[in-house]
Each structure stands twice: as C-alpha cells, then as structure tokens.
2 protein chains.
Amino acid sequence: MQPFIQASNAILRQHGYRLTPQRHMILCVIQEAGGHLSIDQILERVQQQNPYVSLSTIYRTIDLLKSVDLIHESHLPGEQPMYETIEGHAHHHLICRRCRATIHLDQELLGNLNEQLQKQYQFHGISLGLVAAGYCNNCWTILQQEQNSNLEQE
Amino acid sequence: MQPFIQASNAILRQHGYRLTPQRHMILCVIQEAGGHLSIDQILERVQQQNPYVSLSTIYRTIDLLKSVDLIHESHLPGEQPMYETIEGHAHHHLICRRCRATIHLDQELLGNLNEQLQKQYQFHGISLGLVAAGYCNNCWTILQQEQNSNLEQE
DNA sequence: ATTCGTGCAAAAGCTTTGCATGTAG
DNA sequence: CTACATGCAAAGCTTTTGCACGAAT
C-alpha cells in the first residue's frame with residue numbers, strides 16, 4: 001500500500017472515520033491526478049473503477065476529507081470548486097484566462113507573509129490563497145492576432 | 001454625480017451598454033459597501049431603494065459589470081461569491097472566518113510578485129488576488145472558550 | 001422602428017438530506 | 001449488536017433562461 005494511503009488512513013482513524021473502499025478510491029483518484037479535479041471529474045474517474053459509486057458519496061467524502069484536512073478546495077470565480085490533496089504544504093495558482101492552463105506556484109513565493117499578517121493584525125490560523133490570472137504567452141499571441149483582424153474588418 | 005459613476009458610465013458606453021437606473025443602483029450599493037457583498041446582500045440593499053428590482057437583474061448586471069471589469073468576484077471555498085468594485089487598483093483581503101470582518105490589504109504586500117511571475121512564466125496582463133482567511137483576535141478567544149466548555153460537558 | 005434592458009416565472013444545475021440496506025468492529 | 005457508510009430518490013438552493021413588456025436611441 002502506498003504511504004500516502006497509510007497516512008490518510010491514520011488521519012481518518014484519528015478522527016474516528018474508516019477508510020472504506022470508496023474513500024480509498026476517491027483519495028487515490030485525487031492524488032493520482034496531481035492537479036485540480038472537480039466533483040464531476042472525480043465521479044467519472046471513480047466510476048471507471050466501480051460504476052456503482054454514487055454522487056452523494058463523492059460529496060460526503062469530499063466534505064469529510066476537507067474536514068480532516070486531507071484535501072483542499074479552491075474555488076475560482078466562474079469555475080466549479082476543485083479539489084486536490086494537501087500533503088503538507090499549501091500551494092497557489094497561476095491561471096491562463098483563455099486556455100485555463102494552470103501552473104502551481106510554490107508556497108515560498110509569499111515568503112513570510114503569513115507571519116507578517118499574524119503580527120500586524122493579530123489574526124490566528126491564517127491560511128493564504130493566491131490566485132494569479134493572466135494570459136499565457138501562446139494565448140496572448142492569439143489574442144493579439146484576433147484583435148488585429150477585427151480592426152481590419154471594420 | 002459622483003466621479004465613480006461618471007467613469008463607470010463611460011466604460012459601459014465604450015462597450016455599448018447603458019447605465020440604467022438598476023445598474024446605477026447596483027454599482028452604488030457595491031461601492032458604498034466598501035468591502036465584499038454577496039448577491040443576497042446586493043439584492044437586499046437595492047430593494048431598500050426600489051423593491052421591484054428582481055434577482056435576475058442582479059445576476060445579469062453582475063455578469064455584465066464583471067465582463068467590463070468594473071467589479072471583481074472572489075469566491076472563498078464554502079462561501080457565496082462576493083463582489084466589489086475595482087477602481088483601478090487590485091486589493092487583497094484578510095477575512096475572519098467567524099465574524100466575517102474584512103481587512104483590506106495593501107497591494108505593496110506582494111511586492112514585485114507580479115513582475116516576477118510575468119518573467120518566470122511569460123504570462124501577460126496578470127492580476128493578483130490574495131485571500132487570507134483566519135480568526136481575528138476576538139473571535140479566536142471566543143472559540144477557545146467554547147472549546148473549553150465543550151470539553152467540560154463531556 | 002429597432003435595439004436594449006427588465007421582471008416574472010419556469011427551468012436547469014449543483015448540493016444536501018432522509019431513509020432503508022449493507023458492512024465493519 | 002451497534003454504530004458507521006452507502007446508494008437511491010427526493011428535496012433545497014442558487015443561478016440561468018425564455019418571453020413579453022417597456023424604455024432608450
């Protein structure tokens with residue numbers, strides 16, 4: 001068994017939950033994807049292994065995994081909520097507004113911002129979420145071309 | 001008329017839209033609030049001025065204002081989407097998970113992150129959105145007390 | 001006259017819940 | 001045996017859409 005699953009099992013048991021086959025599948029699917037998965041995508045991939053897993057189980061499991069901090073939810077404006085495993089460190093995202101390509105950014109980018117805010121505003125248990133949206137080089141070029149051809153038509 | 005409304009009007013007209021009474025009210029409500037407003041809160045405040053404005057108008061107007069970059073949407077996991085005016089500069093937030101107090105953070109906090117990302121990933125037109133969520137000092141104290149009394153009951 | 005915007009009501013999603021059945025400890 | 005999990009179906013929300021009326025150009 002993968003160490004990731006062993007660790008997850010331990011955490012679940014600490015909270016009084018069992019690692020059922022469904023929960024196991026869902027965890028594996030999310031981890032193997034590496035990146036963001038929506039509820040739909042999780043359902044689809046889980047059902048490839050067992051078509052009888054229901055959508056409500058996905059929802060309930062996601063809630064449960066969130067509550068014990070095994071997975072993290074991020075919710076970009078205009079998008080479905082996405083889920084990914086946490087595995088110890090937070091991460092941030094750089095997204096292309098056009099092709100939706102997503103680059104994962106390192107926690108270090110934000111330096112000591114966490115402690116800074118904690119001190120300055122006396123907040124506790126701060127979690128940071130950075131979303132950077134722009135246009136990747138490729139899409140930027142395409143957009144430029146589109147603009148040019150629009151101008152010519154007028 | 002406020003300069004903010006004049007500017008908004010100009011931007012709307014540039015895109016071929018009109019500044020209708022409803023759109024005017026919605027813009028004012030969001031700007032006057034200063035911080036984050038949800039769809040519900042916008043509807044409530046708009047209807048204090050005119051009870052016959054419908055929810056679908058709020059949705060449609062919000063979509064339109066987003067599309068011309070007059071307002072910005074942020075969507076924290078487990079919360080409703082929130083809206084605020086942009087007014088030329090990005091801003092970031094520190095939010096208390098319990099009392100919802102919102103502190104506006106300075107753009108400078110993120111330093112040259114923008115240029116850094118631009119160079120490193122060759123992205124263009126990057127806008128940054130930082131959301132920091134935690135517990136303010138007051139709520140943190142209250143939560144501690146609640147936890148203690150829960151333990152005693154068991 | 002024609003295009004744009006709104007309100008209403010219905011429809012469409014997405015998410016949660018109640019309940020009976022099944023499973024693990 | 002008891003508590004926990006699941007699947008199914010129904011209910012609950014939030015958001016979007018179709019359509020007819022009204023307003024602006």
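We name chains A, B, ... by the order of the sequence lines, and we start the count at 1 in each one. Just so it is clear, the values below take in all heavy atoms, side chains as well, and ignore hydrogens, waters and symmetry mates.
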Chemist: Taking CD from A:Gln47 and C1' from D:dC8, how many angstroms apart are they, rounded to a whole number?
Modeler: 13 Å
Chemist: Any donor-acceptor pair under 3.5 Å linking the side chain of A:Glu32 with the backbone of A:Val29?
Modeler: no
Chemist: Are any side-chain N or O atoms of B:Gln31 and backbone N or O atoms of B:Cys28, one a donor and one an acceptor, separated by less than 3.5 Å?
Modeler: no
Chemist: For A:Asp63 and C:dT17, give me the distance from atom CG to atom C1', rounded to whole Å.
Modeler: 12 Å
Chemist: Would you mind reading off the bend of the helix from C:dA1-D:dT25 to C:dG25-D:dC1 from its two end axes, five pairs each, to 10 degrees?
Modeler: 30°
Chemist: Between B:Asp40 and B:Pro21, just flag the one whose closest nucleotide in DNA chain D comes earlier from the 5' side.
Modeler: B:Asp40
Chemist: So, OP1 or OP2 of C:dC4: does either fall under 4.0 Å of a side-chain N or O from B:Thr20?
Modeler: no
Chemist: Strictly below 4.0 Å: does A:Gln80 bring a side-chain N or O up to OP1 or OP2 of C:dT15?
Modeler: no
Chemist: What are the two closest heavy atoms between B:His72 and B:Ile86, and how far apart are they?
Modeler: CB-CG1, 3.7 Å
Chemist: Expressed as a whole number of angstroms, how long is the span from A:Asn50:CG to D:dG7:C1'?
Modeler: 11 Å
Chemist: Other residues, nucleotides and ligands only: do more than 12 of their heavy atoms fall within 6.0 Å of OH on A:Tyr121?
Modeler: yes
Chemist: Answer yes or no: does a side-chain N or O of A:Arg23 lie under 4.0 Å from OP1 or OP2 of D:dA5?
Modeler: yes
Chemist: Should B:Met82 and B:Ile58 be counted in the same cluster of Ile, Leu, Val, Met, Phe, Trp and Tyr side chains packed under 4.5 Å apart?
Modeler: no
Chemist: What is the distance, rounded to the nearest whole Å, between atom CD of A:Gln41 and atom P of C:dC14?
Modeler: 12 Å
Chemist: From CZ of B:Arg13 over to P of D:dA24, roughly how many Å is that when rounded to an integer?
Modeler: 12 Å
Chemist: Do the side-chain N or O atoms of B:Ser54 get closer than 4.0 angstrom to the phosphate oxygens (OP1, OP2) of C:dT6?
Modeler: no
Chemist: Return the value, rounded to whole Å, for the distance between atom CD of B:Gln22 and atom P of D:dC21.
Modeler: 19 Å
Chemist: Of A:Arg60 and B:Ser56, whose closest DNA chain D nucleotide lies nearer the 5' terminus?
Modeler: A:Arg60
Chemist: Can you tell me if B:Thr61 uses its side chain to pair, donor with acceptor, with the backbone of B:Thr57 under 3.5 Å?
Modeler: yes
Chemist: Taking atom C1' of C:dT16 as reference, at what distance in whole Å does atom CD1 of A:Ile39 sit?
Modeler: 12 Å
Chemist: Looking only at side-chain N and O atoms, does A:Tyr59 come under 4.0 Å of OP1 or OP2 in C:dT16?
Modeler: no
Chemist: Between C1' on C:dC14 and CG on A:Leu55, what's the gap in Å once rounded to a whole number?
Modeler: 9 Å
Chemist: Considering only side-chain heavy atoms of A:Thr57, which listed nucleotide, D:dG7, C:dT23, C:dC4, is closest?
Modeler: D:dG7
Chemist: Do you know the tightest heavy-atom contact between A:Ser74 and A:His36?
Modeler: OG-CE1, 3.7 Å
